[in-house]
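Contents: one structure, followed by commentary.
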There are 2 protein chains.
Amino acid sequence: MQRGMARTTGSHSQTTGPRVRAVAEHLFAKHGFAAVSMRQIAAEVGVQAGALYNYTPDKQTLLFSLMHDHMVELIAAWDATATMSTPTASVAAFTRFHIAYHLARRDAVFIAYMELRNLSPENFAVIEGLRKAYEQRLEQIIRDGVAQGVFVVADTRIATLAIIGMLTEVTTWFRDGGRLDVDGVADLYVAMVGRVLGIGEDRRSVS
Amino acid sequence: MQRGMARTTGSHSQTTGPRVRAVAEHLFAKHGFAAVSMRQIAAEVGVQAGALYNYTPDKQTLLFSLMHDHMVELIAAWDATATMSTPTASVAAFTRFHIAYHLARRDAVFIAYMELRNLSPENFAVIEGLRKAYEQRLEQIIRDGVAQGVFVVADTRIATLAIIGMLTEVTTWFRDGGRLDVDGVADLYVAMVGRVLGIGEDRRSVS
DNA sequence: GTCTATACGGGGATAGAC
DNA sequence: GTCTATCCCCGTATAGAC
């Protein structure tokens, strides 16, 4: 994706490398990291198990790499979406972004939440740092809204976590073709998030 | 717990059986079902691997049994707590109950949410049914509140799921000895849940 | 009820030919 | 870059002695 063309004649690496990652992501999400063998991944890719080690030094690094790239892309995608705006508009945009992005990349999201225990302590720290960085985007919006008096929350940090939890939970039940489409769900959540933040609440002594 | 005294002289089953379950619950929560071996469980219990099969026909049934008992106890505990009351009081009680119970039984909760993929289809269906039964307790409260005009929600089902997601997320970050204790956290969530349900919102044409 | 011993399969990872 | 072959270890589960 982000490299120039490789010139290795007769090589399949341009296709096999990404395929290994895609297959691993899918199988890890479906069965869990520990339950998936390198042989299974290889079979699905269409190579022998030994060939996978041209693309990762070991299984655990493959997992970390998937999680890491997912988190980096998540943050980059939000930063590309976010615009200078009012806190109310920003939090609505974040809500829509989070739901849409998480539903579009369900396998990667699932892995990033479920397979943390399979990471080495150092790798775990890296992923946790990225997650915190993402949450801070929302927390900063809420902080700004509170400062400007348009949000009324008792505890900014807890409100952030509660909202993240509420939004992420959508991935556990949403099914394409169900009663509501993504936009319909997002509309409902924008409204609920607004309520959690006390938007439009009765307040005294506000200009 | 719920059986009468066994009389088998010289037997340790009264202690080993529960210990197997406790150890398995702890290890499954910490490392994941697939990553934990029967040998590990046995070592922690202090018996040989073969001896575990006096208490479970196989590893997968042990997992199912832990999840099943947890869900049954969760529902029973709520039903014992719930009292005839106003929707507003009921939803506050549910919020406090859910947070306190989930924090008190974190290992079991974690397993029940994370290890669903390791269940056979039939076992999965049983656990899903129990989860639905639990969610329906909250959904019914919300439905009653809407019917009585004290809650204002756009979509009862989605509000139920959003609230469950918000409450369950507490287990991912709460640490004993942190800034807030369980009651303090619960207070904040009671307030946020109330907002999601539109308690005290401006309404026209309500008695 | 627990032990030892073991069957049998599959795990991650590497070596060396092509 | 991929293959075949293989190392060595560990997985679940069972059998039969005590």
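The chains referred to below are lettered A, B, ... by the order of the sequence lines, with proteins before strands, and numbering in each begins at 1.
In this entry the distance linking CD of A:Gln48 with P of D:dT6 reads 14 Å, nearest Å. Whole-Å rounding puts the B:Asn54 CG to C:dG1 C1' distance at 5 Å. Atom-to-atom, CD of B:Gln40 to C1' of D:dC9 comes out at 14 Å; the value is rounded to the nearest Å. The CG-P distance, from B:Leu52 to C:dG1, rounds to 13 Å in whole Å. The separation between B:Ile41 atom CD1 and D:dT12 atom C1' is 11 Å, rounded to whole Å. To the nearest angstrom, P of D:dT12 lies 13 Å from CG of B:Leu63. The distance between atom CZ of B:Arg19 and atom P of C:dG1, rounded to the nearest whole Å, is 16 Å.
If you check every strand for non-hydrogen atoms under 4.0 Å, B:Val45 touches nothing.
For A:His70, there are no ring-ring contact (aromatic ring centres under 6.0 Å, His included) partners, not counting sequence neighbours. B:Phe110 pairs by the ring-ring contact (aromatic ring centres under 6.0 Å, His included) definition with nothing, not counting sequence neighbours. For A:Tyr189, there are no ring-ring contact (aromatic ring centres under 6.0 Å, His included) partners two or more places apart in sequence or in a different chain. The side-chain hydrogen bond (donor to acceptor under 3.5 Å, both in side chains) check on B:Gln140 picks up B:Asp144, with sequence neighbours excluded.
The shortest distance between the side-chain N/O atoms of A:Thr16 and the OP1/OP2 oxygens of D:dT2 is below 4.0 Å. Regarding contacts with the backbone of D:dC10, every side-chain N or O of B:Ser37 stays at 4.0 angstrom or more from both OP1 and OP2.
B:Thr172 contributes a side-chain N or O that, together with a main-chain N or O of B:Glu169, makes up a donor-acceptor pair within less than 3.5 Å. Formation of a donor-acceptor pair under 3.5 Å by the B:Thr168 side chain with backbone atoms of B:Ile164 is found in this model. With hydrogens and angles disregarded, a donor-acceptor distance shorter than 3.5 Å links the side chain of A:Ser37 to the backbone of A:Gln40. Between the B:Glu115 side chain and the B:Phe33 main chain, a donor and an acceptor come within less than 3.5 Å of each other.
Interface residues of residues 25-35 of chain A facing DNA chain C, ordered by number: none; criterion, heavy-atom separation under 4.0 Å.
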Requested in this report: Sugar-phosphate means primed atoms, P, OP1 and OP2; the rest is base. With that split, encode nucleotides 13-18 of chain D 5' to 3' as B, S or - using protein heavy atoms under 4.0 Å.
Outcome: BB----
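The aromatic ring centres of B:Tyr134 and B:Phe94 sit less than 6.0 Å apart.
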